[in-house]
Amino acid sequence: QVQLVESGGGLVQAGGSLRLSCTASSSMFSINDMGWYRQAPGKERELVVVITNDGGTNYADSVKGRFTISRDNAKNTVYLQMDSLKPEDTAVYYCNVRARRLTTTWFLEYWGQGTQVTVSS
C-alpha cells in the first residue's frame, strides 16, 4: 500500500506564497507520475499540475507562471511552490501518485488526504 502525507497548506493574503509537499511511503512500489489536484467548495476536483518521473510537466492554464512543481525521486516527494496567490486559488489541494507494486506490471492511483489553502482578498 502507498501512504501519502501532505503538508504546507494555510491562510495567506492575495499576492502571498505557500509551499506544499507530499511524501509517499512506498517501499514495495515504484513511483511514476506525481501531481496536484484541487477542489473548491461546490466545484469538481480539477488538475493543477502533473510531473512525470523524468521531469516533464503539464500545468493548468490558470496557474501557469505562478505555480511550480518539482520532485525528489530519492525521497518520493513532490512539491508545489505557489506564488502570487489569488482568492480563486482557494481550495483543498490533493496530492496524486501513480505507483506500481514491484510484483506487478500495472499502475494504480493514490490520493493524499488533502490540505486546505485559503487566499484572502
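Heavy atoms only: backbone and side chains are in, while hydrogens, waters and symmetry mates are out.
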Quiz item: Atom OG1 of Thr105 and atom CZ of Arg100: how far apart are they, to the nearest 0.5 Å?
Solution: 7.5 Å

Practice problem: Could you tell me whether the side chain of Val97 reaches within less than 4.5 Å of the side chain of Leu4, counting heavy atoms only? | Solution: yes

Quiz item: Between Val92 and Ile69, is there a shared hydrophobic cluster once you connect ILVMFWY residues whose side-chain heavy atoms come closer than 4.5 Å?
Solution: no

Self-check item: Residues forming a side-chain hydrogen bond (donor to acceptor under 3.5 Å, both in side chains) with Thr118, sequence neighbours excluded
Solution: Gln116

Quiz item: Do Phe67 and Tyr94 share a hydrophobic cluster (ILVMFWY, side-chain heavy atoms under 4.5 Å, transitive)?
Solution: no

Quiz item: For Trp106 and Arg101, what are the C-alpha separation, side-chain angles and deciding distance, and is it a side-chain contact (heavy atoms from CB on, under 4.5 Å)?
Solution: CA-CA 8 Å; Trp106 59 88; Arg101 185 177 293 179; over 6 Å; no

Quiz item: Between Arg71 and Thr77, is any pair of side-chain heavy atoms under 4.5 Å apart?
Solution: no

Quiz item: Considering only heavy atoms from C-beta outward, does the side chain of Asn53 approach that of Ile31 to under 4.5 Å?
Solution: no

Self-check item: Closest non-hydrogen atom pair between Val50 and Asp33, with its separation
Solution: CG2-CB, 4.2 Å

Quiz item: Among pairs that include at least one residue of residues 7-65, which meet ring-ring contact (aromatic ring centres under 6.0 Å, His included), considering only residues two or more places apart or in two chains?
Solution: Phe29-Tyr110, Tyr37-Trp111

Self-check item: Distance-minimising heavy-atom pair for Ser121 and Pro87
Solution: OG-CG, 3.8 Å

Practice problem: Answer yes or no: does atom CZ of Arg66 have more than 12 heavy-atom neighbours from other residues, nucleotides or ligands under 6.0 Å? | Solution: yes

Practice problem: Kindly write out the residues that satisfy side-chain hydrogen bond (donor to acceptor under 3.5 Å, both in side chains) with Asp83, not counting sequence neighbours, or none if the list is empty. | Solution: Ser17, Gln81

Which atom pairs, one a donor and one an acceptor, fall under 3.5 Å between side chains of residues 6-15 and the rest of the protein, sequence neighbours left out?
unit_1 : atom_1 : unit_2 : atom_2 : d
Glu6   : OE2    : Cys95  : N      : 2.9
Glu6   : OE2    : Gly114 : N      : 3.2
Ser7   : OG     : Ser21  : OG     : 2.8

Quiz item: Hey, does Ile51 have a side-chain heavy atom less than 4.5 Å from the side chain of Val78?
Solution: yes

Exercise. Flag the pair Leu18 / Val117 as yes when at least one side-chain heavy-atom distance between them is below 4.5 Å, and no otherwise.
Key: yes

Quiz item: Would you call Lys86 and Asp89 a salt bridge, using N to O less than 4.0 angstrom?
Solution: no

Practice problem: Just jot down the salt bridge (Lys or Arg N to Asp or Glu O under 4.0 Å) partners of Arg19, sequence neighbours excluded, or say none. | Solution: none

Self-check item: Straight-line distance of Leu80 CG to Thr68 OG1, nearest 0.5 Å
Solution: 8.0 Å

Quiz item: So how far is it from Leu108 CG to Asn32 CG, rounded to the nearest 0.5 Å?
Solution: 12.0 Å

Self-check item: For Glu46, salt bridge (Lys or Arg N to Asp or Glu O under 4.0 Å) partners two or more places apart
Solution: Arg38

Quiz item: Mind checking whether Tyr79 and Leu20 have side chains closer than 4.5 Å, heavy atoms only?
Solution: no

Self-check item: Shared hydrophobic cluster for Met28 and Met34 (ILVMFWY, side-chain gaps under 4.5 Å)
Solution: yes

